[in-house]
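Position 1 is the first residue of the sequence; numbering continues from there.
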Amino acid sequence: IEQIGVGVGILGRVYRVHLDGTGVPASVVVKLPTLDKKGVALCEDLDFYLREVRFYERIGLANPLRPARPYFTAFDPATHEFILVLEDLGRLRVDDQIVGCSVADAEVVVDAIAGHHGYWWESRRFASMPWLKSHNTPPYPAVVAANFEASWPVVLERFGDEMSADLRAFGERFPSMVGWYATDFTRPPC
């Protein structure tokens with residue numbers, strides 16, 4: 001067992017588990033809730049873990065933008081504890097987010113995203129997914145605004161001297177704009 005994905009914004013613990021045996025993959029990825037209490041509270045408030053587990057259970061490989069194959073999923077609605085056992089995609093190439101990718105790779109990505117959005121565009125499938133709530137559904141806007149307000153002083157401390165006055169001013173206004181943004185962002189077409 002090796003922990004992977006440390007420090008890259010993942011609100012969970014992610015492990016690569018190497019397997020021995022007949023008829024099993026060489027490795028799988030196991031995802032569990034974060035141990036950070038603030039992270040857990042955020043995930044509970046916004047149903048992040050529920051949404052992720054339901055995605056793998058109810059959509060998964062039927063999605064045109066193919067995710068990792070789910071081998072096992074479980075979610076406890078009382079505690080928000082969960083486990084995902086997924087196909088290990090570590091064999092695939094990952095481009096550096098800072099360096100970027102080639103034009104050819106960007107074209108592949110845009111085509112894949114277009115196919116994904118085309119499949120879901122104004123889809124009636126959404127009606128059968130009450131766990132997939134719009135970003136303007138409470139408590140989402142309030143939680144996003146509160147988390148931004150809590151994080152903003154840290155961002156200013158670390159990067160404030162590198163920000164323009166306009167960017168700092170926008171950061172100060174942003175929490176009051178979250179409700180409008182969430183509503184505008186979620187207006188039709190879905």
Side-chain angles (χ1 to χ4, degrees), residues 5 7-12 14 31 33-34 36-60 62-67 75 77-80 82 84 95-98 100-101 106-190:
V8 291
I10 298 172
L11 291 170
V14 183
K31 186 170 182 184
T34 182
D36 174 49
K37 290 181 182 184
K38 288 181 182 178
V40 168
L42 174 67
C43 292
E44 287 179 7
D45 288 344
L46 300 179
D47 285 332
F48 282 169
Y49 296 151
L50 170 69
R51 292 176 193 207
E52 186 172 14
V53 169
R54 292 295 179 263
F55 169 80
Y56 282 104
E57 288 175 345
R58 312 241 168 106
I59 300 171
N63 197 50
L65 195 56
R66 186 185 176 280
F75 177 80
T79 65
H80 288 255
F82 79 97
L84 290 170
D95 282 332
D96 186 301
Q97 295 179 40
I98 305 300
C101 65
E107 289 171 345
V108 169
V109 169
V110 169
D111 288 345
I113 292 170
H116 172 80
H117 282 281
Y119 179 82
W120 290 104
W121 191 266
E122 289 295 319
S123 176
R124 293 186 177 144
R125 296 173 196 91
F126 290 126
S128 67
M129 302 176 200
W131 49 270
L132 189 59
K133 297 175 186 153
S134 170
H135 288 336
N136 67 347
T137 302
Y140 196 89
V143 171
V144 169
N147 278 280
F148 185 90
E149 285 181 303
S151 301
W152 184 241
V154 176
V155 171
L156 285 176
E157 182 181 316
R158 291 184 185 170
F159 307 108
D161 58 342
E162 299 173 32
M163 291 182 189
S164 69
D166 287 344
L167 184 56
R168 284 193 302 275
F170 178 79
E172 296 298 327
R173 288 191 326 269
F174 182 73
S176 67
M177 298 166 56
V178 170
W180 165 83
Y181 177 72
T183 298
D184 195 59
F185 183 72
T186 56
R187 65 183 165 76
C190 295

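The side-chain heavy atoms of Tyr119 and Leu65, taken from C-beta on, include no pair separated by under 4.5 Å.
Of the possible donor and acceptor atoms, none in the side chain of Arg58 sits under 3.5 Å from a partner among the backbone N and O of Ser128. When atom types are taken as modelled, the side chain of Ser164 and the backbone of Leu167 share a donor-acceptor pair closer than 3.5 angstrom. A donor-acceptor pair is defined here as one N or O able to donate and one able to accept, closer than 3.5 Å; such a pair exists between the side chain of Thr186 and the backbone of Thr183.
Residues that satisfy the side chain to side chain donor-acceptor pair (under 3.5 Å) test with Asp184, not counting sequence neighbours, are Arg187. Qualifying ring pair (Phe, Tyr, Trp, His ring centres under 6.0 Å) partners for Phe126, counting only residues two or more places apart in sequence or in other chains: Trp120. Annotation: ring pair (Phe, Tyr, Trp, His ring centres under 6.0 Å) contacts of His117 (sequence neighbours excluded): none. Considering only residues two or more places apart in sequence or on other chains, Phe75 meets the ring pair (Phe, Tyr, Trp, His ring centres under 6.0 Å) condition with His80. Residues passing the side chain to side chain contact (heavy atoms under 4.5 Å, CB included) test with Glu172 are Trp152, Leu156, sequence neighbours excluded.
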Evaluate the criterion side-chain contact (heavy atoms from CB on, under 4.5 Å) for residue pair Phe55 and Asn63; output intermediate values, then yes/no.
CA-CA 9 Å; Phe55 169 80; Asn63 197 50; 4.2 Å; yes

Met129 and Ile59: CA distance, side-chain angles, deciding distance, side-chain contact (heavy atoms from CB on, under 4.5 Å) verdict:
CA-CA 10 Å; Met129 302 176 200; Ile59 300 171; 3.8 Å; yes

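Considering every non-hydrogen atom in both Thr34 and Val40, the closest pair reads O-CG2, 3.2 Å. Taking each heavy atom of Gly171 and Phe148 in turn, the nearest pair found is O-CE2, 3.1 Å. The minimum heavy-atom distance linking Ala182 with Pro141 is given by the pair CB-CG, 4.1 Å. When all heavy atoms of Thr79 and Glu44 are compared, the closest pair comes out as O-OE2, 3.6 Å. Trp121 approaches Pro189 most closely through the heavy-atom pair CZ2-CG, 3.1 Å. Annotation for Cys101 and Ala106: closest pair SG-N, 3.8 Å, computed over non-hydrogen atoms.
The neighbour count for Glu122 CD, taken as heavy atoms of other residues, nucleotides or ligands under 6.0 Å away, is above 12. Taking a 6.0 Å sphere around CZ of Phe48, one finds it holds more than 12 heavy atoms contributed by other residues, nucleotides or ligands.
Note on residues 45-57: pairs passing side chain to side chain donor-acceptor pair (under 3.5 Å), not counting sequence neighbours, are Lys31-Glu52, Asp47-Lys133, Arg54-Glu57, Glu57-Thr73.
Arg125 contributes atom CZ, which lies 13.5 Å from atom SG of Cys190 (distance to the nearest 0.5 angstrom). How far CG of Leu11 is from CG of Leu42: 6.0 Å, rounded to the nearest 0.5 Å.
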